[in-house]
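Notes follow the structure.
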Amino acid sequence: MGSRASTLLREEEIEEIKKETGFSHSQITRLYSRFTSLDKGENGTLSREDFQRIPELAINPLGDRIINAFFPEGEDQVNFRGFMRTLAHFRPVEDNEKNKDPAAGEPLNSRTNKLLFAFRLYDLDRDDKISRDELLQVLRMMVGVNISDDQLGSIADRTIQEADQNGDNSISFNEFIKVLEKVDVEQKMSIRFLH
């Protein structure tokens, strides 16, 4: 099965994905093997249903939001490259990447890109701000019925009050960054991939 993954993925593609995502050759081939095992239609793409078969996502309260992050707006399939680009947000930052050439552009797993990914999980209507209603919806997804609506409303109001610097009763991406400036996002939004 491992050889199937490397034969269907050309060496040039692996090199391009390495440059774009920072994953190693072995990580790419292992993730390709996982991708093809999820691809029940065997058409080189994954559907939302394919993702929903992943047990960790099925039990995650934000599983649907995370799954949606893999799909460009209006798309219902994602190819391997898109899959890898999204996974790259969760790749840990290695010591040798911290002083990278700034002209090379920001890697997908940079602090800013990790925060943007997290911000988009809350920005349900994609208007580049998190409203009280959006915050409430995501909080409700995370806690279910364990907290009353009044308590959730109070948490949402307090969060907006603390984060909102320009008084528009919502949280912009810059305000989101500011609130999380002391949080170790690089660590909290990292998955240790196979080496």
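The figures that follow rest on heavy atoms only: side chains count, while hydrogens, waters and symmetry mates do not.
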Subject >> Criterion side-chain contact (heavy atoms from CB on, under 4.5 Å) on Thr29 and Phe23, from CA distance to verdict >> reply: CA-CA 10 Å; Thr29 55; Phe23 283 114; over 6 Å; no
Original post:
Stepwise, does the side chain to side chain donor-acceptor pair (under 3.5 Å) test hold for Ser154 with Gln151?
Top reply: CA-CA 5 Å; Ser154 176; Gln151 289 171 311; over 6 Å; no
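The closest donor-acceptor contact from the side chain of Arg65 to the backbone of Arg120 lies under 3.5 Å. With hydrogens and angles ignored, the 3.5 Å screen pairs a side-chain donor or acceptor of Thr159 with a backbone N or O of Ile155. With Arg91 contributing its side chain and Thr21 its backbone, the two residues share a donor-acceptor pair below 3.5 Å. The closest donor-acceptor contact from the side chain of Asp123 to the backbone of Asp128 lies under 3.5 Å. Side-chain atoms of Asn109 never come within 3.5 Å of backbone atoms of Lys114 as a donor-acceptor pair (strictly under, hydrogens ignored). Within the 3.5 Å criterion, the main-chain N or O of Glu175 finds no donor-acceptor partner in the side chain of Gln165. Proximity of a side-chain donor or acceptor of Lys129 to a complementary backbone N or O of Arg126 within less than 3.5 Å is not detected. Asp164 places a side-chain N or O within 3.5 Å of a backbone atom of Asn169 that can act as its donor or acceptor partner.
In this structure, the separation between CG on Leu135 and CZ on Arg158 is 11.0 Å, given to the nearest 0.5 Å. If you take CG on Leu121 and CG on Asn68, they are separated by 9.5 Å, rounding to the nearest 0.5 Å. To the nearest 0.5 angstrom, Glu49 atom CD is 8.5 Å from Asp76 atom CG. Here OG1 of Thr36 is found 10.0 Å from CG of Leu9. Values are rounded to the nearest 0.5 Å. To the nearest 0.5 Å, atoms CG (Leu124) and OG (Ser131) are separated by 7.5 Å. With rounding to the nearest 0.5 angstrom, the CD1 atom of Ile130 is 5.0 Å from the CZ atom of Phe176.
Remark: Phe117 pairs with His89, Phe90 by the ring pair (Phe, Tyr, Trp, His ring centres under 6.0 Å) rule, at least two apart or across chains. By the ring pair (Phe, Tyr, Trp, His ring centres under 6.0 Å) test, Phe71 pairs with Phe51, sequence neighbours left out. Residues passing the side-chain contact (heavy atoms from CB on, under 4.5 Å) test with Asn146: none are found, sequence neighbours excluded. Listed by chain and number, the residues in a side-chain contact (heavy atoms from CB on, under 4.5 Å) with Val143 are Ile147, Leu152 (sequence neighbours excluded). Every residue two or more places apart in sequence or in another chain that forms a side-chain contact (heavy atoms from CB on, under 4.5 Å) with Glu16 is listed here: Arg81.
There is no side-chain donor-acceptor pair under 3.5 Å between Ser172 and Asn174. Side chains of Gln27 and Ser24: a donor on one and an acceptor on the other come within 3.5 Å. Asn43 and Thr45 form a side-chain donor-acceptor contact under 3.5 Å, judged by distance and modelled atom types alone.
With His25 as the partner, the side-chain hydrogen bond (donor to acceptor under 3.5 Å, both in side chains) test is satisfied by one option alone out of Lys18, Glu11, Arg30: Glu11.
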Would you list the atom pairs, donor with acceptor, under 3.5 Å between side chains in residues 52-63 and any protein atom, with sequence neighbours excluded?
| from | atom 1 | to | atom 2 | distance (Å) |
| --- | --- | --- | --- | --- |
| Arg53 | NH2 | Asp50 | OD1 | 2.6 |
| Asn60 | OD1 | Leu62 | N | 2.7 |

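A salt bridge links Arg140 to Asp149: one of the charged nitrogens lies within less than 4.0 Å of a carboxylate oxygen. With respect to Asp157 and Arg132, a salt bridge is recorded, a charged nitrogen being found less than 4.0 Å from a carboxylate O. Between Arg10 and Glu13 there is a salt bridge, with a side-chain nitrogen of the basic residue lying less than 4.0 Å from a carboxylate oxygen of the acidic one.
Between Ala163 and Val179, the shortest heavy-atom distance links the atoms CB-CG2, 3.3 Å. When all heavy atoms of Glu106 and Ser110 are compared, the pair lying nearest together is OE2-OG, 2.7 Å. When all heavy atoms are compared, the tightest approach of Ile28 to Phe80 is O-CZ, 3.7 Å. Among all heavy-atom pairs drawn from Asn79 and Phe35, the shortest one is C-CZ, 3.7 Å. Across Thr86 and Ala69, no two heavy atoms sit closer than the pair OG1-O, 3.8 Å.
There is no path of hydrophobic side-chain contacts, each under 4.5 Å, that joins Leu108 to Leu87.
Counted within 6.0 Å of CD on Glu12, heavy atoms from surrounding residues, nucleotides or ligands total more than 12; the atom is thus considered enclosed. Enclosure of atom OH in Tyr122 is not indicated, since only 12 or fewer non-hydrogen atoms of other residues, nucleotides or ligands lie within 6.0 angstrom.
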